[in-house]
Structure formats: C-alpha cells, structure tokens
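Have a look at the structure below, then the notes.
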Amino acid sequence: MPELSKSVANIENKLVKPIGDDKILMFNSDIAGIPGIVKLTLGEPDFNVPEHVKDAAIKSIEENNSHYTPQKGIPGLRKAISNYLSTDYGVKYDPDTEVIVTIGATEAIYTSLYTIINPGDKIIVPTPTFSIYMDDIEILGGQAVEVDTSKDDFKITPEKLTQVLENEGKGAKAMIINYPGNPTGVVYSKDELEALANVIRDKELYVISDEIYSQLVYGQKHVSFASILPGQTILINGLSKSHAMTGYRIGYIAAPKGFVDEVAKVHSFTVTCPSNPAQFAAQEALENGLDDPIEMRKVYQKRRDYIVAELNKLGYETVEPDGAFYVFPKIPAKFGLSSDTFCRRLAKEALVGVVPGDAFGDAGEGYFRISYATSMDDIKEGISRLAKFTDSLLEKIN
C-alpha cells in the first residue's frame with residue numbers, strides 16, 4: 001500500500017481539512033460493532049422499492065439504455081417531476097428549462113449552494129437540522145448562520161428571521177428550510193410559510209427548500225414553499241424517502257430558469273448525468289406510483305404514535321412530529337449528561353443506538369434523535385431498553 005509522499009503531504013484544500021466526517025454516520029459507525037445493539041439511528045426506510053418501479057429499472061437495462069442521458073435528466077422524468085409538482089403542490093415548472101435531475105437530494109443541495117456562494121457569503125440555517133448543510137457551506141467558503149429554533153417548537157419564526165436579517169445585513173444570500181424536518185419531524189403550515197415569505201419577499205435572498213420528506217406528512221397536506229414564493233425558491237426533492245429508493249440516488253431541483261441555467265453548469269461538471277436505470281425507475285414511480293407512499297405513511301404514523309406515547313411515559317419531553325420518520329426527545333436536565341455522552345452510554349450500557357442531538361447543529365445539544373424507519377419489533381425492544389436505562393439514571397440521582 002502506498003504511503004503519501006512528504007512532498008505532497010501539505011497540498012490540500014484548506015477549507016476541507018477542518019471539516020470532520022459526517023457526525024451522524026460517524027456516530028453510527030462508532031456504535032455499529034457493539035454486539036446485540038438495536039439501531040434506531042439512520043434515516044433509511046425499511047421498506048422495499050415497489051415492484052413496478054424495480055421492473056422499470058430492469059426494463060431500462062434490458063432495452064440497452066446504457067448511454068449518456070441529457071445532463072438535466074431524461075425528458076420523461078423531468079416531465080413526470082413537473083406534472084407531480086403541479087398536481088400535488090400547485091407549482092408550475094417547465095420540464096425543459098426549470099427542472100434538473102440530480103444524484104439524490106444531497107447533490108441538489110451541494111450544487112445549489114455552490115451556485116450561490118462566494119467566499120464569505122452567509123447562509124441562514126435554522127437548527128437543529130440536517131448537518132450536511134453546515135458542512136457544505138463551510139467547504140464552499142461560506143458561513144453558516146445557525147438560528148436556534150429549540151424554544152419555538154423547532155420552527156423559525158418571522159420575528160427571529162427579521163432579527164437575523166437585520167444583524168447579518170447584505171451578507172446573507174439564502175436561507176435553508178427543511179420540512180418535514182430532520183431530525184425533528186416538524187411541518188410548517190401555509191400560514192407559517194406565508195409569514196416567512198412576507199419577510200423574505202423583495203430581499204436579495206434565496207430560499208433553499210428541502211422537501212425530501214414531503215410525501216411523509218401525517219394528518220395534513222404538505223405545502224411547498226415554492227407555491228408561495230416561486231421566484232426566490234430553490235425547491236429540492238427526490239424519491240429516496242417516498243419510495244424507499246435511497247440507493248437509486250435520484251433527487252431533483254425545480255427553480256426559475258435563471259437559476260437552473262447556472263446550477264446545470266455545476267451539475268454537468270460534477271456528475272455529468274444520473275444513471276439510466278435509476279431515472280427510468282423514478283419516472284415510473286412518479287407516473288404510476290404516487291399511491292405507493294400511502295401504506296408506508298400509515299405504518300410510520302403507527303410507529304410514531306407508539307414512540308411518542310412511550311417517551312412521554314418515561315419523562316422525555318418531545319414535540320410530536322407531523323412528518324418524516326424521526327422523533328427528537330429532550331434529555332432531562334437532571335441527568336446532567338451531554339447529548340453525546342447520553343447516547344454513547346445508552347449504546348454501551350443499554351445496547352440502543354440513537355443519534356446525539358449536537359450532530360444537527362448547536363441547537364440540538366441536549367436532545368437525541370430516534371429514527372422509526374425500522375421494524376416495530378426493534379422499536380419496542382429499543383424503547384424497553386431505554387426505559388431500563390432511564391430507571392438506572394434516576395436511581396443514581398435519587
């Protein structure tokens with residue numbers, strides 16, 4: 001195995017070096033080897049891809065669709081995305097000029113930020129939230145302005161946004177909003193989104209709206225930010241969560257043509273184009289599989305209801321999630337444990353894997369995330385073990 005030569009050891013991008021590994025994946029890796037552990041860590045749907053969607057991928061291979069596709073994605077998929085967004089969320093995008101297919105929502109986030117950020121630019125990020133936003137901003141030379149939402153039911157308010165914009169001035173170029181939220185599961189109502197839009201409208205500010213969990217909303221209709229402020233919204237979505245297609249890596253950006261023209265350059269230089277089988281599978285999912293998430297959503301809701309009820313019995317304060325498949329309970333202050341310490345002890349002493357809240361920004365400290373994208377048997381066993389661990393902590397206090 002080659003050893004890195006001393007002559008090149010100091011050649012590096014100075015913005016990359018300080019960034020650590022993804023905290024969620026790193027923590028999951030740290031505890032994965034513990035024998036007998038019940039893992040409630042990753043946001044990976046435990047369902048299989050619907051059969052008709054898999055068949056479309058297979059058919060694509062059999063028909064020798066093995067060459068480069070248009071860089072923005074195959075026309076049929078872009079049209080399916082456009083039709084889906086129009087039918088479900090009332091937002092109109094031209095499939096030829098205002099939609100681009102990406103390698104998952106992850107690439108959509110990165111390329112969108114790359115298109116916006118100049119060195120020193122600020123991006124407003126309400127936290128706790130998906131940690132990749134902060135890392136992407138940093139690696140691109142920007143500055144993430146974290147906004148603590150923990151005292152506002154994990155939602156950024158118009159008042160707080162106004163205050164942040166006043167403090168940051170013209171340095172802020174965009175705000176990232178993620179809902180249903182990871183790790184909190186919070187959902188914004190139409191009134192709440194309109195109130196935020198009234199603050200943003202006519203300001204030199206994009207809204208990057210990550211709505212990857214939009215098909216997993218319980219008891220209400222998802223409202224897209226793009227339906228309220230289309231001219232300033234970069235809408236990000238994909239098929240990973242709605243159709244359990246995480247490994248297919250299909251996401252997309254929908255935005256005004258002026259932005260898509262620019263982000264398409266970054267996309268083409270970075271990945272060229274998505275794979276054929278995955279795109280044809282995604283097209284099938286959007287054309288003939290819009291009901292596929294319904295049963296998944298029912299199962300997730302039952303799991304959510306069980307977990308929230310049990311956490312309440314155990315004394316963990318929890319904002320009930322209205323979407324996604326996470327709960328984000330608060331660690332009782334009387335335990336005197338940081339989120340990382342609590343979660344590492346829970347893993348080692350009780351054999352339950354969850355994610356420390358500080359992996360989702362500074363505002364996540366004092367919380368932990370449970371993913372219920374796993375079987376009810378594992379969830380029940382995990383909660384049972386959490387109960388015994390909680391009792392052991394209480395006994396030491398008393």
Side-chain angles (χ1 to χ4, degrees), residues 16-44 125-139 144 146-151 154 178 181-186 307-308 310-311 314-319 321 324-374 378-379 381-397:
V16 175
K17 188 72 172 180
I19 298 174
D21 294 330
D22 180 275
K23 292 182 180 179
I24 301 171
L25 296 179
M26 185 169 58
F27 186 85
N28 181 68
S29 177
D30 287 347
I31 65 172
I34 299 176
I37 194 167
V38 174
K39 292 172 65 176
L40 307 176
T41 47
L42 299 184
E44 176 89 41
V125 187
T127 60
T129 194
F130 190 35
S131 59
I132 196 173
Y133 306 140
M134 283 80 82
D135 293 334
D136 281 353
I137 293 165
E138 185 176 351
I139 205 170
E146 294 190 34
V147 182
D148 187 339
T149 65
S150 60
K151 293 182 174 59
F154 301 122
N178 165 230
N182 175 10
T184 62
V186 299
I307 291 177
V308 170
E310 294 301 311
L311 288 171
L314 295 175
Y316 290 93
E317 180 184 333
T318 307
V319 174
F325 37 62
Y326 310 105
V327 290
F328 200 58
K330 189 172 186 179
I331 301 168
K334 59 188 173 185
F335 292 168
L337 300 175
S338 69
S339 60
D340 187 77
T341 300
F342 176 88
C343 293
R344 291 187 185 277
R345 286 189 56 182
L346 180 63
K348 293 177 182 178
E349 298 173 26
L351 305 183
V352 180
V354 296
V355 180
D358 66 349
F360 305 96
D362 293 341
E365 175 54 52
Y367 296 82
F368 62 101
R369 190 191 76 175
I370 298 176
S371 169
Y372 51 91
T374 188
D378 280 353
I379 290 169
E381 180 61 28
I383 291 295
S384 174
R385 296 180 185 184
L386 174 62
K388 293 177 183 177
F389 177 72
T390 303
D391 286 343
S392 69
L393 292 177
L394 291 172
E395 287 176 4
K396 292 178 181 178
I397 294 173

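All of these numbers come straight from a predicted model, not from anything done at the bench.
Residues in residues 128-139 take part in these side chain to side chain donor-acceptor pair (under 3.5 Å) pairs, two or more places apart or across chains: Tyr133-Asp210.
Two residues are said to be in side-chain contact when any heavy atoms from C-beta on lie closer than 4.5 Å; Glu365 and Ser338 meet this criterion. Residues Lys39 and Thr374 form no side-chain contact, since every pair of their non-hydrogen atoms from C-beta on lies 4.5 Å or further apart. No side-chain heavy atom of Ser371 sits under 4.5 Å from any side-chain heavy atom of Thr41. Looking at heavy atoms from C-beta onward, Phe368 lies in side-chain contact with Cys343 at the 4.5 angstrom threshold. With contacts defined as side-chain heavy-atom distances shorter than 4.5 Å, the pair Ile24/Leu42 qualifies. The shortest side-chain heavy-atom distance between Leu351 and Val38 does not fall under the 4.5 Å cut-off. Residues Tyr326 and Pro321 form no side-chain contact, since every pair of their non-hydrogen atoms from C-beta on lies 4.5 Å or further apart. Considering only heavy atoms from C-beta on, Ile31 stays 4.5 Å or farther from Lys348 through its side chain.
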- Message: Is there a side chain to side chain contact (heavy atoms under 4.5 Å, CB included) between Leu346 and Val354? Walk through the geometry before answering.
- Response: CA-CA 8 Å; Leu346 180 63; Val354 296; 3.6 Å; yes
- Item | Chi angles and distances behind the side chain to side chain contact (heavy atoms under 4.5 Å, CB included) call for Glu381, Val352 | CA-CA 9 Å; Glu381 180 61 28; Val352 180; over 6 Å; no
- Task: Could you go through the side chain to side chain contact (heavy atoms under 4.5 Å, CB included) check for Thr184 and Phe360 one step at a time?
- Result: CA-CA 10 Å; Thr184 62; Phe360 305 96; over 6 Å; no
- Message: Test side chain to side chain contact (heavy atoms under 4.5 Å, CB included) on Val319 and Val327; report intermediate values, then the result.
- Response: CA-CA 8 Å; Val319 174; Val327 290; over 6 Å; no
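For Asp30 and Arg344, the salt-bridge test passes: some basic side-chain N is under 4.0 Å from an acidic carboxylate O.
Other residues, nucleotides and ligands contribute over 12 non-hydrogen atoms within 6.0 Å of the CD atom of Glu349.
Side chain of Asn178 to main chain of Asn182: a donor-acceptor pair is present (N/O by atom type, distance under 3.5 Å, no hydrogens or angles). When atom types are taken as modelled, the side chain of Thr149 and the backbone of Thr127 share a donor-acceptor pair closer than 3.5 angstrom. A side-chain donor-acceptor contact under 3.5 Å links Thr390 to the backbone of Leu386. In this structure a side-chain-to-backbone donor-acceptor pair under 3.5 Å is missing from Arg369 to Gly357. One N or O on the side chain of Glu146 and one on the backbone of Asp362 form a donor-acceptor pair closer than 3.5 Å.
For Phe389, the ring pair (Phe, Tyr, Trp, His ring centres under 6.0 Å) criterion is met by Phe342, not counting sequence neighbours.
Ala347 approaches Ile37 most closely through the heavy-atom pair CB-CD1, 3.9 Å. Nearest heavy-atom pair, Gly315 versus Pro332, reported as atom, atom and distance to 0.1 Å: O-CG, 4.0 Å.
Considering Ile379, Thr318, Leu40 as possible partners of Ile307, the one that fulfils the side chain to side chain contact (heavy atoms under 4.5 Å, CB included) test is Ile379.
Interatomic distance, Ile137 CD1 to Met134 CE, rounded to the nearest 0.5 Å: 7.5 Å. Note that the CZ atom of Phe335 and the OG1 atom of Thr341 stand 13.5 Å from one another [nearest 0.5 Å]. Note that the NZ atom of Lys396 and the CG atom of Asp391 stand 12.5 Å from one another [nearest 0.5 Å]. Annotation: the span from Ile383 atom CD1 to Tyr372 atom OH amounts to 12.0 Å, rounded to 0.5 Å. Note: Leu394 CG to Lys334 NZ = 5.5 Å, rounded to the nearest 0.5 Å.
Ser150 and Asp148 share a donor-acceptor pair across their side chains, judged by distance under 3.5 Å alone.
By the 30° and 60° cut-offs, the orientation of the rings of Phe328 relative to Tyr367 is parallel.
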